[in-house]
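Letters A, B, ... are given to chains in the order of the sequence lines, protein chains preceding strands, and every chain is numbered from 1.
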Protein chains: 2
Amino acid sequence: MLKYQQVAAEIEQYINQHDLKQGDKLPVLEQLMSQYAVSKSTITKALELLERKGVIFQLRGSGIFVRRHNRPGYMSLFSTQGFKSNLGDRVLTSDVLDVSVTKPDATVAQNLGIDVTDDVYRVERVRFVDGEVFCYEESYYVKAIVPYLNREIVADSIFDYVQGALGVTIGFSDMYMQVGRLTETEAGYLGLQMEDPTLRIETIFHLSNGKPFDYSRITYHYEHSQFVVQANGPYM
Amino acid sequence: MLKYQQVAAEIEQYINQHDLKQGDKLPVLEQLMSQYAVSKSTITKALELLERKGVIFQLRGSGIFVRRHNRPGYMSLFSTQGFKSNLGDRVLTSDVLDVSVTKPDATVAQNLGIDVTDDVYRVERVRFVDGEVFCYEESYYVKAIVPYLNREIVADSIFDYVQGALGVTIGFSDMYMQVGRLTETEAGYLGLQMEDPTLRIETIFHLSNGKPFDYSRITYHYEHSQFVVQANGPYM
DNA sequence: TACTATAATTGTACCGGTACAATTAATCAA
DNA sequence: TTGATTAATTGTACCGGTACAATTATAGTA
């Protein structure tokens with residue numbers, strides 16, 4: 001683990017353990033430098049990470065402050081998108097409906113940037129948060145990159161497996177969101193009525209070298225899915 | 001404008017003008033350094049900005065590459081959230097229904113961190129993209145921070161006015177999203193039926209000093225609102 | 001040809017430093 | 001007490017440098 005990531009993790013841990021509130025002030029840069037025994041630029045980088053994550057905000061001439069949002073029940077949109085296995089204290093479980101090797105249809109192939117003759121893993125799951133139906137997910141993995149999957153891996157975190165055992169690194173993702181109505185089969189999985197409202201998110205996950213390796217379609221239960229996004233100011 | 005922002009803007013402009021595609025390679029760091037006559041760290045900062053924005057991705061040992069998503073019609077979720085006035089080539093217009101000074105109710109006051117006796121501006125708009133109904137918006141501005149608003153300002157961009165004329169800087173925002181059904185009045189504004197599905201986003205905008213100054217509730221037309229979020233890999 | 005080992009390329013981590021702008025605290029004047 | 005001026009605090013911009021890890025290209029070997 002990189003030094004600045006380590007420092008960031010420790011600072012975040014400190015904030016959580018001491019249950020700091022929005023606006024609480026952290027030690028000044030120079031003190032953090034000596035406290036974690038790293039250079040200024042490393043502390044700066046750690047803090048920048050935490051700022052992006054929505055954990056702190058920095059104010060020039062003033063200090064470093066804790067940032068919090070105060071809506072329990074809202075999950076971070078990104079934490080549900082494979083990037084973080086951490087959902088706070090919530091328990092995430094899965095019903096695995098399908099794990100199989102198939103050929104992609106034209107849409108899937110195009111989103112993954114592969115040919116319809118290439119192999120993909122198809123994974124179908126219903127996911128639960130604290131026992132309540134959360135979403136229905138259908139996702140496709142490029143077999144050339146993810147050569148093996150089974151029900152145990154899929155029941156747990158696919159991303160941890162991919163990054164751990166396969167040693168590939170995930171780089172970035174494009175998420176496409178839209179609102180619509182449930183189909184009959186989707187409604188069945190989610191325990192809702194056909195035509196009920198739903199949020200659909202398609203995501204294309206890329207490796208750090210830019211190659212797509214996972215295309216996933218998630219249909220959310222509209223009553224159990226509330227998301228928070230902590231954004232940072234105008235980039236430029 | 002800061003040097004690294006300037007450089008970032010120029011690089012992005014270069015990419016757009018030359019219509020570079022996903023995966024196209026940019027000049028190497030050292031060349032960019034001399035080309036823009038800035039130090040390594042400034043170039044690095046500029047590139048990091050573009051990476052966060054989803055314009056490029058960097059691969060150590062390899063180079064700097066253009067990142068693109070290929071779904072026209074999808075708007076960046078953040079560009080619709082006040083941070084950027086730029087919506088590409090789309091035309092954004094507004095019907096202003098109300099601009100008035102009132103007292104906030106308990107919910108609004110709590111979200112803005114003020115008292116129910118404090119004054120707020122209430123702004124109510126229906127917004128259009130290329131002439132099509134896009135969303136219905138109800139937002140509240142802390143009058144102590146935004147002392148004056150009128151219909152002209154509101155019809156245009158409130159954020160440009162606030163940052164320009166008032167000289168305050170916007171820091172960060174918390175967005176809360178959920179899916180639901182339209183009420184009768186909402187349906188009327190959006191030209192839809194009652195009980196139709198909708199995406200609701202509440203956003204609390206903070207100044208860079210952490211003080212909330214705008215609480216806004218947006219109800220989107222589900223057929224005309226498709227969003228893209230370009231996310232970057234695991235922060236840590 | 002195909003595979004392996006080596007070298008060159010290239011971005012990132014980390015260090016330390018100066019200058020500066022925004023904020024806040026202290027000082028002084030009315 | 002209030003308001004303005006000055007000074008101290010504090011994070012950020014920008015500079016330049018070394019070391020290194022990941023990738024790609026090259027050379028060598030079977």
Side-chain angles (χ1 to χ4, degrees), chain A residues 1-9 11 23 25-52 56-67 163 166-172 206-211 232-236, chain B residues 1-9 11 23 25-52 56-67 163 166-172 206-211 232-236:
Chain A
M1 199 181 207
L2 297 172
K3 206 183 272 190
Y4 76 93
Q5 293 177 327
Q6 181 62 39
V7 171
I11 293 176
K25 192 174 177 181
L26 262 56
V28 299
L29 259 186
E30 205 157 341
Q31 195 181 323
L32 291 172
M33 272 174 67
S34 59
Q35 191 168 326
Y36 294 97
V38 293
S39 79
K40 185 181 46 167
S41 55
T42 302
I43 276 288
T44 304
K45 213 145 191 287
L47 293 172
E48 188 201 307
L49 211 58
L50 293 175
E51 196 165 38
R52 272 205 277 166
I56 60 164
F57 64 94
Q58 300 181 74
L59 188 52
R60 173 158 88 194
S62 181
I64 304 155
F65 303 92
V66 174
R67 179 177 170 193
Q163 297 208 89
L166 298 180
V168 303
T169 56
I170 298 165
F172 54 90
H206 305 254
L207 301 181
S208 53
N209 65 11
K211 290 204 185 93
N232 291 313
Y235 298 127
M236 38 200 289
Chain B
M1 199 180 207
L2 296 172
K3 209 183 269 191
Y4 76 92
Q5 293 177 327
Q6 182 63 39
V7 171
I11 293 175
K25 193 175 178 182
L26 263 54
V28 300
L29 261 185
E30 205 156 341
Q31 195 182 323
L32 292 173
M33 272 175 67
S34 58
Q35 192 168 327
Y36 293 97
V38 293
S39 78
K40 185 181 43 168
S41 54
T42 302
I43 276 288
T44 304
K45 214 146 191 286
L47 294 172
E48 188 202 307
L49 211 60
L50 293 175
E51 196 165 39
R52 273 204 275 164
I56 61 164
F57 65 94
Q58 299 181 76
L59 188 52
R60 172 157 89 192
S62 183
I64 304 155
F65 303 90
V66 173
R67 178 176 171 195
Q163 298 208 87
L166 298 180
V168 302
T169 55
I170 297 164
F172 53 90
H206 305 254
L207 301 181
S208 52
N209 65 11
K211 290 205 185 92
N232 291 313
Y235 297 128
M236 40 197 286

(message) Using a 4.0 Å heavy-atom cut-off to protein, can you give one letter per nucleotide of nucleotides 19-25 of chain D, 5' to 3': B if the base is in contact, S if only the sugar-phosphate is, - if neither?
(response) --SBBS-

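Using modelled atom types, one side-chain atom of B:K25 and one backbone atom of B:S62 make a donor-acceptor pair closer than 3.5 Å.
As a whole-Å value, the separation of A:I43 CD1 from C:dA13 C1' is 14 Å. B:K45 places its NZ atom 7 Å from the C1' atom of D:dA13, with the value rounded to the nearest Å. A straight line from CG of B:L47 to P of D:dC14 spans 14 Å, rounded to a whole angstrom. Following rounding to the nearest Å, A:E51 (CD) and D:dT12 (C1') show an atom-to-atom distance of 11 Å. The distance between atom NZ of B:K3 and atom C1' of D:dG16, rounded to the nearest whole Å, is 13 Å. D:dC15 atom P lies 12 Å from atom CG of B:L2, rounded to whole Å. One interatomic measurement links the two molecules: CD of A:E48 to C1' of D:dC14, which rounds to 15 Å at whole-angstrom precision. At whole-Å resolution of the value, CG in A:L26 and P in D:dT10 are 13 Å apart.
Taking for each of B:Q58 and A:S39 the nucleotide of DNA chain C with the nearest heavy atom, the 5'-most of the two is the partner of B:Q58.
Atom CE in A:M33 sits 6.5 Å away from atom CD in A:E30 (nearest 0.5 Å).
Heavy-atom distances under 4.0 Å link DNA chain C to A:V38 of residues 28-38 of chain A, given in residue order.
In this structure B:T42 satisfies the side chain to side chain donor-acceptor pair (under 3.5 Å) test together with B:S39, sequence neighbours excluded. For A:E48, the side-chain contact (heavy atoms from CB on, under 4.5 Å) criterion is met by A:R52, B:E48, not counting sequence neighbours. Looking at residues two or more places apart in sequence or on another chain, you find a ring-ring contact (aromatic ring centres under 6.0 Å, His included) between A:F65 and A:F57. Every residue meeting the side-chain contact (heavy atoms from CB on, under 4.5 Å) condition with A:S208, not counting sequence neighbours, appears here in chain and number order: A:T169, B:L59.
Of all non-hydrogen atoms in B:E51 and B:N232, the two that sit nearest each other are O-ND2, 3.0 Å. Between A:I64 and A:L29, the closest heavy-atom pair is CD1-N, 4.3 Å.
Looking at heavy atoms from C-beta onward, B:L47 lies in side-chain contact with B:I11 at the 4.5 angstrom threshold.
Neither OP1 nor OP2 of D:dG16 sits under 4.0 Å from any side-chain N or O of B:S41.
Across all strands shown, A:I64 has heavy atoms under 4.0 Å from sugar-phosphate atoms exclusively, and none from any base.
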